> 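Just dropping this structure here.
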Amino acid sequence: MSVITIERKILEKNDEIARQNRARLAEHGILALNMVSSPGSGKTSLIERTLEHLNGKLRIAVIEGDVHTSLDAERIARYRVPVVQIVTQGGCHLDAHLVAEAMAKLDLAHLDLLIIENVGNLVCPANYDLGEAMKVVIISTTEGDDKPLKYPAMFRQAEVLVINKIDLLPYLNCRLDALKQHALQINPALKVFETSCTTGAGIPDWCAWLEAMTRRKSAVPEAPGHGG
């Protein structure tokens, strides 16, 4: 019972800081995305392609979460956008306090979009609200079409699903229709994109939607509370 009590207190404290983060983001009209996935899904590559396509259209910053290294932040820094690295020293997820510290290093008054790349993990990040407008779950075709059934909590809490590495479908035992069906069975409201960071397929559609959502967010600041 004591374990349950401690966990509840930790989550309550996290949620309070997440509300503060969300209020700060709303004050500046910033759309914040919490990018979650298993390791190797192509999160960082998707962010790189996004930065290329939205260069000059939106003011973007990136918060990078990693267990031990700053390798992904070094990749993102090449795109000349503000980037803050969080190294969790073994921690399997980001929490609202870590994101608040990272946000303090950014000039929020000059941002439209904040991308938070969470630690590669489809379990722990599902429980932690960071103050984001929405969770974007990325799954690669190399992971198989049953991944949503194995990790339903993350798909249930996400607003957007990006199916990445679709260029590899001819070489894999992954059924795209089955993958989407499994995900939508868990969360029928999921907005689904199919992308390849190698060929560029689907990237323009993803970026056009992202730009439209960001413009809408900037025009109508959100009141404190979860939702995109």
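Counting begins at 1 with the first residue of the sequence. In this text the structure is predicted, and so the values were computed from the model without any measurement.
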> Treat each ILVMFWY residue as a node, draw an edge where side-chain heavy atoms are under 4.5 Å apart, and state whether L190 and L210 are in one component.
no
> Output all residues satisfying ring pair (Phe, Tyr, Trp, His ring centres under 6.0 Å) with Y151, sequence neighbours left out; order by chain, then residue number.
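Partners of Y151 under the ring pair (Phe, Tyr, Trp, His ring centres under 6.0 Å) test: none.
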> Is there any side-chain hydrogen bond (donor to acceptor under 3.5 Å, both in side chains) pair reaching into residues 179-190, and which pairs are they, with sequence neighbours excluded?
K180-E194
> Within the 3.5 Å criterion, strictly below it, is a donor on N14 or D95 matched to an acceptor on the partner's side chain?
no
> According to side chain to side chain contact (heavy atoms under 4.5 Å, CB included), who are the partners of A126, at least two apart in sequence or on a separate chain?
A153, M154, Q157
> Do the side chains of L168 and T142 get nearer than 4.5 Å, heavy atoms only?
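Counting from C-beta outward, T142 and L168 do come under 4.5 Å.
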> Side-chain contact test, heavy atoms from C-beta onward, threshold under 4.5 Å: evaluate it for T195 versus I163 and give yes or no.
no
> Report the relative orientation of the aromatic rings in F193 and W206; use parallel for angles under 30°, tilted for 30 to 60°, perpendicular for over 60°.
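Aromatic pair F193/W206 classed perpendicular.
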> Do any pairs count as a salt bridge (Lys or Arg N to Asp or Glu O under 4.0 Å) and have a residue in residues 31-41, sequence neighbours left out, and if so which ones?
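Output for this query is empty, none listed.
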> Looking at L31, T214, T50, which hits side chain to side chain contact (heavy atoms under 4.5 Å, CB included) with L58?
T214
> Can you give me every donor-acceptor pair (side chain of residues 40-47, partner residue at least two apart or in another chain, under 3.5 Å) with its distance?
| residue | atom | partner | partner atom | Å |
| --- | --- | --- | --- | --- |
| S41 | OG | S37 | OG | 2.7 |
| K43 | NZ | S37 | OG | 2.9 |
| T44 | OG1 | D72 | OD2 | 3.2 |
| T44 | OG1 | E117 | OE1 | 3.2 |
| T44 | OG1 | E117 | OE2 | 2.7 |
| S45 | OG | R75 | NH2 | 3.3 |

> Distance-only criterion, 3.5 Å: show the donor-acceptor pairs between side-chain atoms of residues 105-114 and protein atoms not counting sequence neighbours.
| residue | atom | partner | partner atom | Å |
| --- | --- | --- | --- | --- |
| D107 | OD1 | A109 | N | 3.3 |
| D107 | OD1 | H110 | ND1 | 3.3 |
| D107 | OD2 | H110 | ND1 | 2.7 |
| D112 | OD1 | R59 | NE | 3.4 |
| D112 | OD1 | R59 | NH2 | 2.9 |
| D112 | OD2 | R59 | N | 2.8 |
| D112 | OD2 | R59 | NE | 3.2 |

> Say whether E64 and S70, considering side chains only, have a donor N or O and an acceptor N or O under 3.5 Å apart.
no
> For the residue pair T198 and K165, confirm or rule out a side-chain donor-acceptor distance under 3.5 Å.
no
> Can we say R19 and E16 salt-bridge, meaning some charged N sits less than 4.0 Å from an Asp/Glu carboxylate O?
yes
